[in-house]
4 protein chains.
Amino acid sequence: MSTTDPSPRRRRKEARPQELLDAALELFVEKGFAATRAEEVAVRAGVSKGTLYLYFQSKEDLLRAVITHNLSERIAEGAAQVAAFSGSASELLRVVLCEWWEHIYNSPAGAVFKLVITEVRNFPEISEFYIHEVVEPAHHLLGGIVQRGIAQGEFRPVDVDVAVHSLVLPLIMICVHKHSIGACGMGEQHSLDGNAFIRQHVQLVLDGLCQPATRQPTDDTPP
Amino acid sequence: MSTTDPSPRRRRKEARPQELLDAALELFVEKGFAATRAEEVAVRAGVSKGTLYLYFQSKEDLLRAVITHNLSERIAEGAAQVAAFSGSASELLRVVLCEWWEHIYNSPAGAVFKLVITEVRNFPEISEFYIHEVVEPAHHLLGGIVQRGIAQGEFRPVDVDVAVHSLVLPLIMICVHKHSIGACGMGEQHSLDGNAFIRQHVQLVLDGLCQPATRQPTDDTPP
Amino acid sequence: MSTTDPSPRRRRKEARPQELLDAALELFVEKGFAATRAEEVAVRAGVSKGTLYLYFQSKEDLLRAVITHNLSERIAEGAAQVAAFSGSASELLRVVLCEWWEHIYNSPAGAVFKLVITEVRNFPEISEFYIHEVVEPAHHLLGGIVQRGIAQGEFRPVDVDVAVHSLVLPLIMICVHKHSIGACGMGEQHSLDGNAFIRQHVQLVLDGLCQPATRQPTDDTPP
Amino acid sequence: MSTTDPSPRRRRKEARPQELLDAALELFVEKGFAATRAEEVAVRAGVSKGTLYLYFQSKEDLLRAVITHNLSERIAEGAAQVAAFSGSASELLRVVLCEWWEHIYNSPAGAVFKLVITEVRNFPEISEFYIHEVVEPAHHLLGGIVQRGIAQGEFRPVDVDVAVHSLVLPLIMICVHKHSIGACGMGEQHSLDGNAFIRQHVQLVLDGLCQPATRQPTDDTPP
DNA sequence: CATGAATGAGACTTCATTCAT
DNA sequence: AATGAATGAAGTCTCATTCAT
């Protein structure tokens, strides 16, 4: 109802790319890139086959757009949180991870993880983009917090990379699970979704990070 | 049943299905099921296109065979270990997880995780098989150990499922990573492969599980 | 019919069909009818795709218009020349052919020859039009001159049709060449364009036509 | 019934490329490259759509093969004739041109002229091939004969290139005509096909070339 | 009149599968 | 049992044409 209300035709036009990207993400995650027909994407977006090609040069181009579009949005979110926070490293990690989690798990971004894992070997440029734009920034951010925790004596002097991975990999795995096995409707037993797990998981690893005294020799006696 | 080897030609013939399964696993993991051509599988297995169809009714049938064949083998391995073991729950988990890990990570079985994640939604019967034959047995096994650890006072009374997932999800995620992003040759920085991580990760979570005294209020954390 | 020019905008509008016809001729000759997109024609004419369809019912209709429009103009030109001429048949042929040549070779009409050759078999009505409106009038005109030359003892009693074809076919072929192989920019060696050839070619055939004795000085003084 | 009679299947296979090339030449000349569907070619060759692609990578590749295949064959034919000939330049030209003519006009090679003219601007590599493999050899051959005729006083000192073109262009034009306008079945009036024309045309131009005195009678007596 | 977003028939090309050899 | 030529359904992409603005 704004005064600059564009015509319906024009409004449709501006919304098309996003509608197509959304439909494509859904279908690519659901069936895989190669098994999704371009026309399916178009139909789910409410347009015809030809219209898809007004906005994307090829199906492959659409895939790239889906990934970059959905990842670019969420990238900088965490950094702001961290900068504005004051408190213990534990608390900061808990906040950052859980907040991130809720944003990502319940948004298209979560699906992108599965998409990247599924398609990256056929489109190597995706790998580059994903590592530079997602993996490295996130790893750097979390690694910094862990590092700080260690420096301040809050955490034991563990391997920073290991700690970050122990914290983060289950989060990603659950996103992936949600969009693969978890979407097969095999009952709720192994649902393992839900934010409940994340909170407890983070707590569990933080417990492992914090405790100073009771320590086993950390040896890794080979078999 | 004779001890003498069959002729090379005969041995070759009997090995065909296995060679086709191996080639199919490699290619399905590398390019995805839909993007892999039946002839590619045949060629990599050293036979012709037609031969593939002497052993498998269809490409889809080949996919099912790849998954069931590679998973069925590894299923019972762990149970034996556990039964024969006496020691602390921590020690048992460490041994079981690390031993499993080495077997799976460096074998075709690791690739199957990626394959299952990638293809389940197009072939729901895979989900059923995977959950019944892999997820449930493994979860039951590990959950039992954790349960025992709690009952014996070795572990704090955590949620068993959470603990199992915290322990196991990174292992699976690393398998998946190895066959997706990790296979893109993007430098060694984010390699995160290697058994080193697993040992430290398991230790870290076990630390979180064991510690009795120094505890934060664990619960709470309002949304 | 007023002597005052219409407004630029109005003139533009009235010129649209001609601009579209010109653009279409260029492109149809350059790429062929089937390989030329309607939008390309529109763009080269400086209008939008939709506008093309305001003036022509279909792409095929446009092709017909291109041909009839460009051929109709040049048809009657020669007849007038002939009627007003007094002199030998040789001289008349030389004048008519060379004059025609310069008009046609350096005008869109030359391109139409290639277009007709290229597209007739897909649009048989073009054949009818072309034969009735171009081939027959021209053949009749030239044949008449040759006939007169024979009757007057200036030419030997050759087959009139043969003589006409020997005179004319190279002219057409050079038009066609200019718009096919000659437009590929393959160097100037086999350019064979240029009015020089035509003059000498006509002279050569006229030499063959003329009675043995009555030979002219074979001058080919270029302009 | 030779002893090395291959199986029917195999015999088919070896004949396929030629059958496809023949069908393609017919259709490309008839309808143009762009307007011919790949499946039409396949059907006319008696195979299915897919089979075409077992022998040619693409429709474009098929076009190139059609042209090179049909032109390469006829290239060297003339040179042999010339080498083996002794007699006047006039006689040699008459023999070479008329013999060539019969070979080319009544063979697929004649159709290729129209095809080249029609498609060359969309596939510039055709131009290169055609000029190097057809135009230049043929022009060189005929130019040599004319040159010799002039040197021996048989011909007047005309421009060699002009003479060659005057002789040859009508032949090519008639080939082109046969496969364009001539194929539209517009009655026999303007048929202008037939070897009759060629003989008379060559004679007419040769008459123009010969020294004034030395007219038709095979006599000579140069000045 | 003019535009250009939208459509969908249709063309090229691929590939799972069959079957004669 | 093994092959690989052949098929044709199906998928990607194009483009002539329409029509709301």
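What you are looking at is a predicted structure, and each value in this text was computed from that prediction instead of being measured. Per chain, numbering begins at 1; letters A, B, ... match sequence-line order.
Separating the CZ atom of Phe56(D) from the P atom of dA6(F) is a distance of 12 Å, rounded to the nearest angstrom. For Glu40(B) and dT14(E), the CD to C1' distance is 12 Å, given to the nearest whole Å. Taking atom CG of residue Leu20(A) and atom P of nucleotide dT12(F), one finds them 14 Å apart after rounding to whole Å. Atom C1' of nucleotide dG11(F) and atom OH of Tyr53(D) are separated by 14 Å, given to the nearest angstrom. Protein atom CG of Leu52(B) is 14 Å distant from nucleotide atom P of dA1(F), rounded to whole Å. Residue Arg16(A) contributes atom CZ, which lies 11 Å from atom C1' of dT7(E) at whole-angstrom precision. Between Leu62(D) atom CG and dA11(E) atom P there is a gap of 17 Å when expressed in whole angstrom units. Counting to the nearest Å, the P atom of dT17(E) and the OH atom of Tyr55(B) are 18 Å from each other.
In this structure, of dA16(E), dA6(F), dA6(E), it is dA16(E) that holds the atom nearest to the side chain of Ala38(B). Side chain of Ser48(A), nearest nucleotide from dA2(E), dT7(E), dT7(F): dT7(E). The side chain of Leu54(C) sits closest to dC1(E) out of dT7(F), dC1(E), dC13(F). Closest contact between the side chain of Arg37(A) and the listed nucleotides dC12(E), dA1(F), dG11(F) involves dG11(F). When distances are taken from the side chain of Lys59(D) to each of dC12(E), dT7(E), dG11(F), the shortest belongs to dC12(E).
Scored by the side-chain hydrogen bond (donor to acceptor under 3.5 Å, both in side chains) test, Ser58(B) finds no partners at all (sequence neighbours excluded). Every residue two or more places apart in sequence or in another chain was checked for a side-chain hydrogen bond (donor to acceptor under 3.5 Å, both in side chains) with Thr36(D), and none qualifies. Ser127(A) is linked by a side-chain hydrogen bond (donor to acceptor under 3.5 Å, both in side chains) to nothing, counting only residues two or more places apart in sequence or in another chain. Looking at residues two or more places apart in sequence or on another chain, you find a side-chain hydrogen bond (donor to acceptor under 3.5 Å, both in side chains) between Arg44(C) and Glu26(C).
Base pairing in DNA chain F yields stems of at least 3 consecutive Watson-Crick or G-U pairs, both distances under 3.5 Å, namely E:2-21 with F:2-21.
For the pair Thr51(B) and Glu39(C), both in contact range of DNA chain F, the more 5′-proximal nearest nucleotide belongs to Thr51(B).
Residue pairs meeting the salt bridge (Lys or Arg N to Asp or Glu O under 4.0 Å) criterion with at least one partner in residues 56-69 of chain D, sequence neighbours excluded, are Glu60(D)-Arg64(D), Arg64(D)-Glu125(D).
Distance check: Phe56(D) CZ to Leu20(D) CG gives 5.5 Å after rounding to the nearest 0.5 Å. In this structure, Asn70(C) CG and Leu25(C) CG are separated by 5.0 Å, a value rounded to the nearest 0.5 Å.
Using a 4.0 Å cut-off on heavy atoms, none of the residues of residues 23-32 of chain A approach DNA chain E.
Contact annotation for Lys49(C): base contact, defined as any heavy-atom pair under 4.0 Å involving a base atom.
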Show the atom names and distances, to 0.1 Å, of all donor-acceptor pairs under 3.5 Å that link a side chain in residues 112-124 of chain C to residues at least two apart or in another chain.
from      : atom 1 : to        : atom 2 : distance (Å)
Lys114(C) : NZ     : Val29(C)  : O      : 2.8
Thr118(C) : OG1    : Lys114(C) : O      : 2.8
Glu119(C) : OE2    : Phe33(C)  : N      : 2.9
Arg121(C) : NH1    : His179(D) : O      : 3.1
Asn122(C) : ND2    : Lys31(D)  : O      : 2.8

